[in-house]
Protein chains: 2
Amino acid sequence: MADTRRRGAELEEAILSAAADELREAGYPGLTMDRVARRAGTNKNAIYRRWPNRAALGLAAYRRLASAVRPPDTGALATDALELLRAANRHWSSPLGEILRALLADAPELMAELRGPGNDDGSDLWLAMLARAVARGEARPEALHPRVATVPVALLRNEYIARGAPHVPDEVLTEIIDLVYLPLVRR
Amino acid sequence: MADTRRRGAELEEAILSAAADELREAGYPGLTMDRVARRAGTNKNAIYRRWPNRAALGLAAYRRLASAVRPPDTGALATDALELLRAANRHWSSPLGEILRALLADAPELMAELRGPGNDDGSDLWLAMLARAVARGEARPEALHPRVATVPVALLRNEYIARGAPHVPDEVLTEIIDLVYLPLVRR
DNA sequence: CTTCTTAGGGTACGGTCCGTACCGTAAATC
DNA sequence: GATTTACGGTACGGACCGTACCCTAAGAAG
């Protein structure tokens with residue numbers, strides 16, 4: 001029998017790919033070790049040899065599904081901020097966002113690594129956007145602080161988590177920008 | 001055999017009490033239907049006749065453990081806000097907060113009912129405190145809006161959820177107040 | 001007081017999923 | 001060619017959830 005057995009990186013790739021497929025099709029709740037193993041044409045041993053548990057595999061698989069956001073530059077603070085917030089909202093309300101939230105709920109401590117250096121939490125994006133606004137004289141220089149710059153995403157995230165809403169309407173976004181962000185960072 | 005069988009409200013009380021005990025001792029993950037039933041001296045039938053699933057029972061049990069926060073009134077906006085935020089932080093970092101977070105993660109849609117009228121999310125507290133500050137001329141009247149008034153708790157909640165931290169240090173609280181809240185609501 | 005209905009108690013079970021253990025064998029290494 | 005490592009197959013223990021029965025006490029109806 002030509003068993004043509006896969007090993008190492010090749011097998012790892014197959015597992016990760018299968019896991020990503022499962023995530024896409026059935027979300028995090030549908031990501032079971034048995035299904036991933038079967039789909040990858042292997043068995044759970046091979047998975048547990050690489051990831052300690054389901055959550056870790058889920059995170060790894062999520063990573064390959066997520067894509068970076070490209071920063072907007074409309075030339076005005078208000079529209080830049082709203083656009084950035086809308087992008088975040090699109091992500092969070094997409095199937096991918098649902099996965100992210102489920103993952104966050106299941107293994108919060110694991111998610112810290114998503115926010116390490118070279119992070120994807122987007123604080124760089126907000127700081128860069130705000131820096132341009134400061135340069136234009138639109139914003140206070142003191143606002144150039146991660147805690148301040150990322151207030152809108154924090155509020156949006158709160159909206160999702162605290163209210164368990166599958167979608168946040170655009171009015172909330174404009175409210176966050178108009179009532180909170182602009183009064184906060186404008187000079 | 002004197003079976004002295006409990007019914008109705010009495011039994012319901014026993015179940016709820018047992019569930020609350022389990023929550024206190026083992027947290028939400030340790031709240032299992034079998035254990036609650038055994039502890040209440042009954043069986044799962046009686047539970048499922050009253051609550052549709054584990055999450056609903058967990059929420060009901062949590063309710064009887066949670067207590068209301070009493071609003072501070074120090075006479076100054078900065079200290080009032082910090083005190084209110086500290087109270088929230090104490091709650092969230094306590095075992096009770098851990099339960100709340102687990103519950104929120106497991107059944108977000110159920111938690112909406114915690115935020116109904118007569119809510120415990122504390123937006124009333126923040127609005128009341130802010131109203132006093134407005135009356136003293138410390139804050140802008142336009143800030144008297146739920147979205148604006150509750151920004152600090154939203155940011156704190158975000159800190160817990162997004163970072164999966166079991167505890168948020170006091171410096172973060174002061175940062176939230178000094179860098180965000182005061183600049184935002186002061187005239 | 002008797003009969004009927006409702007709600008508890010006891011128990012067992014199906015089903016799902018995680019994580020682990022073995023066992024034989026292909027692939028890589030020596 | 002011999003040895004070690006990593007896969008594949010499979011089975012299993014264990015935890016829970018939620019449901020189904022069957023028997024009986026408590027309360028209601030007559």
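Chain naming here is simple, since letters A, B, ... match the order of the sequence lines and numbering starts at 1 in each.
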Give a yes/no on whether any side-chain N or O of [X] is located under 4.0 angstrom from OP1 or OP2 of [N].
X: B:R5; N: C:dA7; value: no
X: B:R50; N: C:dG8; value: yes
X: A:R6; N: D:dG8; value: yes
X: A:R7; N: C:dA26; value: no

Find the distance [X]:[atom1] to [N]:[atom2] and express it as a whole number of Å.
X: A:R49; N: D:dG9; atom1: CZ; atom2: P; answer: 13 Å
X: B:R39; N: C:dG9; atom1: CZ; atom2: P; answer: 17 Å
X: B:E13; N: C:dA7; atom1: CD; atom2: P; answer: 19 Å
X: A:L11; N: D:dT5; atom1: CG; atom2: C1'; answer: 14 Å
X: A:L57; N: C:dC17; atom1: CG; atom2: P; answer: 15 Å
X: B:E12; N: C:dG9; atom1: CD; atom2: C1'; answer: 17 Å

Can you tell whether the side chains of A:E83 and A:R70 come within less than 4.0 Å, N to carboxylate O?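 Salt bridge: no.
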
Side-chain ion pair, A:E12 and A:R6, N-O less than 4.0 Å: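 Not counted as a salt bridge, because no side-chain N and carboxylate O are separated by less than 4.0 Å.
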
Less than 3.5 Å apart, any donor N or O on the side chain of A:N53 or A:Y48 sitting next to an acceptor on the other? no

Specify whether B:H91 and B:Y62 have parallel, tilted or perpendicular ring planes, treating 30° as the upper limit for parallel and 60° as the lower limit for perpendicular.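 Ring orientation of B:H91 relative to B:Y62: parallel.
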
So with a 6.0 Å cut-off around CZ of B:R39, is the heavy-atom count from everything else above 12?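 Above 12, so yes.
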
N/O-N/O pairs, protein side and nucleotides 18-21 of chain C side, under 3.5 Å:
| residue | atom | partner | partner atom | Å |
| --- | --- | --- | --- | --- |
| C:dC18 | OP1 | A:R54 | NE | 3.2 |
| C:dC18 | OP2 | A:M33 | N | 3.1 |
| C:dG19 | OP2 | A:Y48 | OH | 3.0 |
| C:dG19 | OP2 | A:R54 | N | 3.2 |
| C:dG19 | O5' | A:Y48 | OH | 3.4 |
| C:dG19 | N7 | A:K44 | NZ | 2.9 |
| C:dG19 | O6 | A:K44 | NZ | 2.6 |
| C:dA21 | N6 | A:N45 | OD1 | 3.3 |
| C:dA21 | N6 | A:N45 | ND2 | 3.4 |

So what does A:R35 touch, heavy atoms closer than 4.0 Å: a base, only the sugar-phosphate, or nothing? nothing

Would you find a donor on one side and an acceptor on the other, under 3.5 Å apart, between the side chain of A:R86 and the backbone of A:D170? no

Please check this pair: side chain of A:R101 against backbone of A:W92, looking for a donor-acceptor N/O pair closer than 3.5 Å.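 The answer is yes, because a donor-acceptor pair under 3.5 Å joins these two groups.
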
